[in-house]
Amino acid sequence: MNLDRTQLLEAYRRMRRIRSFEERLSDLVTAGKMGGFMHLYLGEEAVAVGVCSHLSDQDIVTSTHRGHGHCIAKGVGIAEMMAELFGRATGICKGKGGSMHIADLDKGMLGANGIVGAGIPLATGAGLSAQLRGSGEVAVAFFGDGATNQGAFHESLNMAANWKLPVLYVVENNGFGEFTPTEFVIPVKDIAVRADSYAMKSLIADGMDFFDVFEKTGEALDHCRSGQGPVLLECKTYRFGGHFVGDPLVYRSKEEAEDWIQNRDPLDGFEQQCVEASLVDASDLRQIDLEVKEELDAAVEAAEAAPMPDPSELTADVYFEEGA
Amino acid sequence: MNLDRTQLLEAYRRMRRIRSFEERLSDLVTAGKMGGFMHLYLGEEAVAVGVCSHLSDQDIVTSTHRGHGHCIAKGVGIAEMMAELFGRATGICKGKGGSMHIADLDKGMLGANGIVGAGIPLATGAGLSAQLRGSGEVAVAFFGDGATNQGAFHESLNMAANWKLPVLYVVENNGFGEFTPTEFVIPVKDIAVRADSYAMKSLIADGMDFFDVFEKTGEALDHCRSGQGPVLLECKTYRFGGHFVGDPLVYRSKEEAEDWIQNRDPLDGFEQQCVEASLVDASDLRQIDLEVKEELDAAVEAAEAAPMPDPSELTADVYFEEGA
Amino acid sequence: MSRKLGFGAAINEAIQIAMQTDPTVILMGEDVAGGGKREGDDIDEMGGVLGTTRGLVKSFPDRVLDTPISEMGLMGTGVGAAATGLRPIVELMFMDFLGTSLDPLLNQAAKLRYMLGGKARIPLTVRTVSGAGMQAAAQHSQSLYWITAGIPGLKTVIPSNPADAKGLLLAAIRDDNPVVFCEPKLILRTSGEVPEGDYEVPIGKAQRIREGHDVSLIGFGGTVPVCQKAADKLAREDGIECDVIDLRSLQPLDEEAILGSLEKTGRLVVVDESTPRSSVASDVAALCVDQGFDFLEAPVKRVTAPHAPVPFSRTLEQTYIPSAERVIAAVREQA
Amino acid sequence: MSRKLGFGAAINEAIQIAMQTDPTVILMGEDVAGGGKREGDDIDEMGGVLGTTRGLVKSFPDRVLDTPISEMGLMGTGVGAAATGLRPIVELMFMDFLGTSLDPLLNQAAKLRYMLGGKARIPLTVRTVSGAGMQAAAQHSQSLYWITAGIPGLKTVIPSNPADAKGLLLAAIRDDNPVVFCEPKLILRTSGEVPEGDYEVPIGKAQRIREGHDVSLIGFGGTVPVCQKAADKLAREDGIECDVIDLRSLQPLDEEAILGSLEKTGRLVVVDESTPRSSVASDVAALCVDQGFDFLEAPVKRVTAPHAPVPFSRTLEQTYIPSAERVIAAVREQA
Ligand SMILES: Cc1ncc(C[n+]2csc(CCOP(=O)(O)OP(=O)(O)O)c2C)c(N)n1
Ligand SMILES: Cc1ncc(C[n+]2csc(CCOP(=O)(O)OP(=O)(O)O)c2C)c(N)n1
Ligand SMILES: [Mg+2]
Ligand SMILES: [Mg+2]
């Protein structure tokens with residue numbers, strides 16, 4: 001593990017940003033101030049941040065319906081994200097994308113995706129592009145356990161393995177696809193074994209542990225970058241909240257959830273490990289907590305004050321037009 | 001191996017029927033007497049017949065673009081098949097289906113399929129139907145090595161494994177998908193390993209050896225029928241001809257093909273094993289050859305004499321209509 | 001006897017009746033039970049992402065199947081089951097997911113009977129939620145019934161109220177053809193009088209829901225209330241009496257009802273929530289200018305969404321969806 | 001300078017030029033090389049199932065990619081590559097395979113730019129063979145351009161001759177939007193004069209290919225020769241002079257060209273190889289009865305395939321495809 005103090009603090013900042021950003025979203029949706037279908041990443045922060053801490057703006061990531069975490073981990077600004085979720089003209093997608101399509105190509109974030117599994121071939125294409133352009137970049141696809149039952153998963157991994165593309169496939173196994181427990185729809189214990197169908201390298205990480213995710217990602221990316229082909233990385237994790245904001249959570253036991261939330265919180269775990277190893281002080285983290293809160297307050301305030309998109313936007317950006 | 005003489009002779013008859021039927025088709029297409037996209041099963045006869053020798057008319061099979069062999073093995077009449085391929089009103093599908101859609105539900109043959117991989121979920125549905133109706137039937141999906149790269153393969157096997165459906169998935173690995181060698185697009189040696197992604201039982205058979213296919217199918221169907229769930233059976237085989245009639249075969253080495261054709265012919269192999277073990281006499285087989293030839297001559301003659309479909313057929317059978 | 005029911009409850013009741021009256025009817029889809037088969041005292045089912053199928057897994061534990069997220073596989077499985085003795089209702093959670101499930105509909109269900117020379121029957125019903133109105137954005141808001149209505153071998157229906165939803169769904173399930181049943185988001189949260197018991201609304205028959213002699217308004221699904229609102233206002237403000245027709249079925253199309261109304265009014269506006277190209281709206285207009293040419297007194301106007309994806313922002317989404325104002329403007333333009 | 005080339009050769013030449021002039025252009029699809037990368041003295045490439053792309057893998061060994069049979073994956077890979085610096089040409093062997101590749105087009109390529117607020121560019125070209133005429137039956141003969149033309153964010157073009165094929169394909173490849181390029185079976189075996197060198201035929205512009213004042217015939221792709229044949233015969237036998245328009249582009253539609261012709265003739269027949277519902281033919285008719293209402297002197301006739309799958313039998317297939325006789329009958333009906 002070769003992270004210096006600055007890097008550690010930045011990792012924590014991003015995890016905290018995800019946590020606070022989404023807790024705020026939850027409040028805003030519940031209060032009826034924000035609309036749309038909203039899926040939160042709470043509890044899975046270590047996965048996105050653990051992986052993205054290895055990436056530059058040129059490396060591409062593709063995401064899912066649960067995409068805020070990947071955006072923030074990849075460095076997308078929360079002010080523009082907040083404005084987007086309020087449907088404002090100042091949003092990162094001009095208010096046209098919303099939660100399920102939030103994206104920022106300037107940061108190498110090719111988009112949340114409302115179609116389960118659809119980001120996987122997109123990342124494969126980004127990997128092909130990197131390979132053919134000889135850019136040295138990698139592509140990372142984030143997707144859920146449920147998405148591994150999609151044909152697009154199978155087809156993409158096979159293609160990437162045949163062509164030895166520099167793609168890291170990260171499955172966020174949070175034990176559920178919507179309300180259905182993973183073991184009802186996936187008859188193998190470790191999704192990682194699915195890599196064997198493509199003679200692909202696979203790894204399993206504790207998705208609640210930033211350091212484990214970071215380390216395994218490092219190993220995986222070494223493999224990708226050295227031309228040995230793609231890797232499937234399974235991160236075992238858990239979503240603290242419901243499938244979407246408003247989910248009554250009747251389909252899972254409260255005990256199970258409480259256990260994860262109380263004992264496996266990735267931010268708590270990070271802090272504990274860092275403080276125990278004297279890598280950072282708890283006070284540094286509290287300072288970050290405060291800064292993130294302020295950043296967030298400002299983001300909400302700015303978003304609420306921002307204008308709604310002009311009606312003319314309705315038919316703009318459908319096509320690229322020369323000189324437009 | 002528990003096949004009596006009658007069963008052996010019937011198996012040989014079906015393999016010979018496929019062989020002779022398709023050799024005739026090849027001539028007819030080459031002579032310009034028959035149209036459409038025509039894919040021949042020559043060389044793979046032991047697979048269809050080895051598997052279907054275990055099935056009744058109630059068991060459902062789904063097939064591929066290369067479907068004549070499956071039809072004949074399942075007991076579909078070659079006269080109606082020939083009429084179909086001539087596009088006649090007397091065809092098994094009234095001339096509307098043709099080679100890529102040849103079918104006979106009365107024989108449990110749900111159809112050749114022009115969409116690679118599309119038969120796999122159909123068989124899965126037939127297996128679900130059998131399970132829910134408690135009929136004791138099984139469903140068999142035949143498909144090629146290339147089809148295992150389709151999403152439908154992955155999705156179907158996963159579903160069947162979760163539900164323990166009585167479905168036998170038979171992959172006919174003939175080394176090519178169209179003109180592309182299998183090893184260019186499938187990075188594992190044995191396709192059978194793909195079953196592991198679904199904790200599914202798998203078997204490998206020598207697809208040029210009727211007896212091996214028959215035996216492995218028996219083992220697989222015992223598993224399916226006893227409620228233990230689906231099986232993936234990989235049959236290693238080779239197509240003697242091109243991908244389609246008219247294929248110039250420039251993309252594979254003549255030596256490789258000659259080796260299979262000379263040394264691995266499934267009909268020769270069957271004869272040799274049967275005669276050596278004194279199970280049948282060679283003269284019995286010659287008699288069958290003759291009968292099949294006559295049957296075929298009659299089929300061609302009848303088909304050529306049969307009427308073309310009436311123009312009113314163009315819009316008939318699009319929908320099921322009450323009382324129609 | 002009838003009582004007020006929500007749109008979803010009407011659908012739930014139809015499925016309940018269909019499953020009671022026919023043991024070969026099954027329901028399958030992603031989370032149609034939704035935790036319903038899990039053990040545990042504090043565990044309950046969700047009954048679909050919108051709760052529409054809640055309770056069914058309790059009544060029919062073996063015939064309500066949660067599937068993996070595998071639309072191609074589950075749709076194809078539905079087709080295979082339909083061809084071999086079952087009568088499946090497949091839930092495609094959102095119609096946008098036609099993208100991952102088209103082949104079994106386009107190339108299998110729609111064509112099997114024809115390709116097999118009439119031997120097969122595919123009694124498959126696909127229930128799916130269509131349209132905009134919930135800020136679900138570009139990939140969860142499309143009205144793609146123009147695709148299914150365009151494919152020979154499929155039928156497509158779309159109710160505009162809970163009573164029709166129940167009757168059309170029962171008819172769809174019992175039809176021996178593959179039928180796509182759309183549940184438009186615009187009206188998913190409405191309720192209305194719904195007859196009790198078992199009844200069917202025939203597929204292929206439109207319904208006149210307001211009689212008038214000045215202009216024909218043709219709507220379906222979520223645009224029917226829009227037409228009604230426009231008709232009310234036009235009567236009040238302009239003294240224009242609209243003949244409002246609810247198509248109910250997009251394929252087959254009730255050409256007689258459309259042409260009959262046009263003959264009476266000479267003017268027609270068709271209101272379609274989908275994008276304009278390759279649309280049902282275009283088909284209706286094309287029918288008018290062919291078979292109804294002699295009746296035409298004014299241009300046929302199509303009020304549709306723009307040729308654009310569905311935007312997220314609420315203000316943009318509201319502009320996207322055809323409004324009564326736009327219908328009124330179209331009618332006034334014709335006058 | 002020009003010389004006679006076959007339709008396929010014209011396409012091949014366009015790809016060759018595109019790849020020479022832009023190192024980011026790649027070609028991917030099932031068997032587009034076809035054995036071309038195999039070692040062995042007696043081994044040669046197939047260059048696609050119809051031989052269209054033969055030779056390209058030799059010129060550009062790293063940029064011509066045979067893919068597994070995985071349409072969803074390969075189309076999505078094409079979209080991802082297009083969004084990140086390449087300009088891919090994806091071959092979808094037959095247009096019927098939209099069934100297994102729709103999502104990356106419908107929900108990704110077509111919407112990414114919009115959903116991202118204008119930040120993305122998707123310079124993707126999808127080459128695909130469409131239509132009937134080779135007895136390829138129900139699943140290999142569909143004219144599904146009505147689906148791609150209906151999806152906002154996509155463009156769809158369809159040439160009617162080798163020269164246009166080359167110029168339209170070059171324009172498609174260089175367009176910064178996803179463009180679907182159809183190669184109709186009906187004319188795949190024809191040849192014609194093709195200019196040498198690098199040129200583009202603009203997307204969105206129709207072309208008048210015969211001038212007349214009596215009736216407008218609107219065709220595209222494989223129906224253009226059908227219209228020409230009908231026009232010849234109508235001139236000869238009836239003294240009716242047809243204004244024949246080749247649409248070339250189905251989305252965007254050259255509305256000006258259609259309406260301009262209608263204004264002149266007052267009568268219009270649109271000839272479309274696809275099935276009738278949700279069709280380009282309906283869109284053209286709907287345009288006429290809206291924007292062109294004042295010009296109309298007769299019903300707009302649509303000559304299309306029937307609402308049925310494509311049959312295998314040669315006699316049925318020939319009846320299925322719109323014929324010059326049916327066009328002539330439609331024109332005579334109007335007179
Ligand atoms: C193609 C498609 N099918 C179904 C859905 C509905 N849906 C949205 S999220 C989801 C569950 C996804 O589960 P998983 O991949 O495990 O991701 P998680 O939500 O657990 O992060 C489903 C079924 C969808 N959006 N797209
Ligand atoms: C969805 C789809 N994609 C592509 C094709 C074109 N195609 C027809 S057969 C074939 C090769 C199939 O290979 P395999 O599955 O190994 O079967 P084989 O022909 O070797 O028996 C291809 C690519 C098709 N018919 N359907
Ligand atoms: Mg999950
Ligand atoms: Mg093969």
Side-chain angles (χ1 to χ4, degrees), chain B residues 34-38 65 84-89 91 93-102 113-118 144-152 176-181 184-186 243-244 247-256 308-311 313-319, chain D residues 30-51 54 65-74 76 93-94 96-101 103 133-142 275 305-320:
Chain B
M34 211 174 244
F37 293 1
M38 187 83 77
H65 54 288
E84 183 64 28
L85 299 176
F86 271 106
R88 307 292 155 148
C93 304
K94 296 191 196 163
K96 292 180 179 185
S99 172
M100 282 195 287
H101 310 302
I102 197 155
N113 213 313
I115 304 298
V116 169
D145 45 286
T148 71
N149 292 333
Q150 286 283 29
F176 287 87
E178 289 196 347
F179 327 122
T180 299
F184 277 42
V185 283
I186 297 185
H243 170 58
F244 55 85
D247 178 346
L249 278 168
V250 295
Y251 53 86
R252 76 180 190 195
S253 96
K254 278 168 205 51
E255 264 163 88
E256 171 193 292
M308 294 307 266
D310 189 84
E313 282 294 327
L314 191 59
T315 52
D317 303 325
V318 181
Y319 294 97
Chain D
E30 293 158 13
D31 285 301
V32 287
K37 286 185 184 167
R38 241 187 145 184
E39 312 265 307
D41 286 346
D42 61 344
I43 302 271
D44 200 2
E45 59 168 322
M46 288 288 282
V49 75
L50 301 171
R54 214 175 137 76
L65 304 172
D66 275 343
T67 70
I69 310 175
S70 309
E71 287 83 15
M72 198 71 82
L74 81 92
M93 198 182 295
F94 292 98
D96 314 68
F97 306 163
L98 270 184
T100 50
S101 62
D103 191 76
M134 290 186 178
Q135 273 198 272
Q139 294 171 338
H140 279 66
S141 302
Q142 294 168 88
T275 47
H307 185 70
V310 182
F312 165 70
S313 181
R314 181 151 190 82
T315 54
L316 290 179
E317 191 190 36
Q318 289 304 316
T319 322
Y320 185 92

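Chain A is the first sequence line, chain B the second, and so forth, proteins listed ahead of strands; every chain is numbered from 1.
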Segment of [X] engaging chain B (4.5 angstrom heavy-atom cut-off):
X        : answer
D:Met72  : neither
D:Tyr320 : both
D:Glu71  : both
D:Thr100 : side chain

*Show your working on side-chain contact (heavy atoms from CB on, under 4.5 Å) between D:Gln139 and B:Met100 and close with a plain yes or no.*
CA-CA 8 Å; D:Gln139 294 171 338; B:Met100 282 195 287; 5.6 Å; no
*Do the ring planes of B:Phe37 and D:Phe94 sit parallel (below 30°), tilted (30 to 60°) or perpendicular (above 60°)?*
tilted
_Determine whether D:Ser70 and B:Asn149 satisfy the following criterion, side chain to side chain donor-acceptor pair (under 3.5 Å), listing intermediate values before the conclusion._
CA-CA 6 Å; D:Ser70 309; B:Asn149 292 333; 5.2 Å; no
Pairwise distance [atom1]([X]) to [atom2]([Y]) - rounded to 0.5 angstrom:
X        : Y        : atom1 : atom2 : result
D:Met93  : B:Glu178 : CE    : CD    : 3.5 Å
B:Arg88  : D:Ser313 : CZ    : OG    : 7.5 Å
D:Asp44  : B:Leu249 : CG    : CG    : 12.0 Å
B:Asp247 : D:Met46  : CG    : CE    : 4.5 Å
B:Met38  : D:Gln135 : CE    : CD    : 9.0 Å
D:Thr319 : B:Glu313 : OG1   : CD    : 11.5 Å

Proximal component of [X], with respect to chain D [non-hydrogen, under 4.5 Å]:
X        : answer
B:Asn113 : both
B:Ile186 : neither
B:Pro181 : side chain

Please determine, among [options], the option with the most heavy-atom pairs under 4.5 Å with chain D.
options                                : value
B:Gly91, B:Ser99, B:Gly98              : B:Gly98
B:Val318, B:Val116, B:Thr148, B:Thr180 : B:Thr180
B:Ile115, B:Val250, B:Leu85            : B:Val250

At their closest point, which heavy atom of [X] faces which heavy atom of [Y], and how far apart are they?
X        : Y        : result
D:Leu316 : B:Lys96  : CD1-CG, 4.2 Å
B:Phe179 : D:Asp31  : N-OD1, 3.4 Å
B:Pro309 : D:Thr315 : CD-OG1, 3.8 Å
B:Leu314 : D:Ala308 : O-CB, 3.6 Å

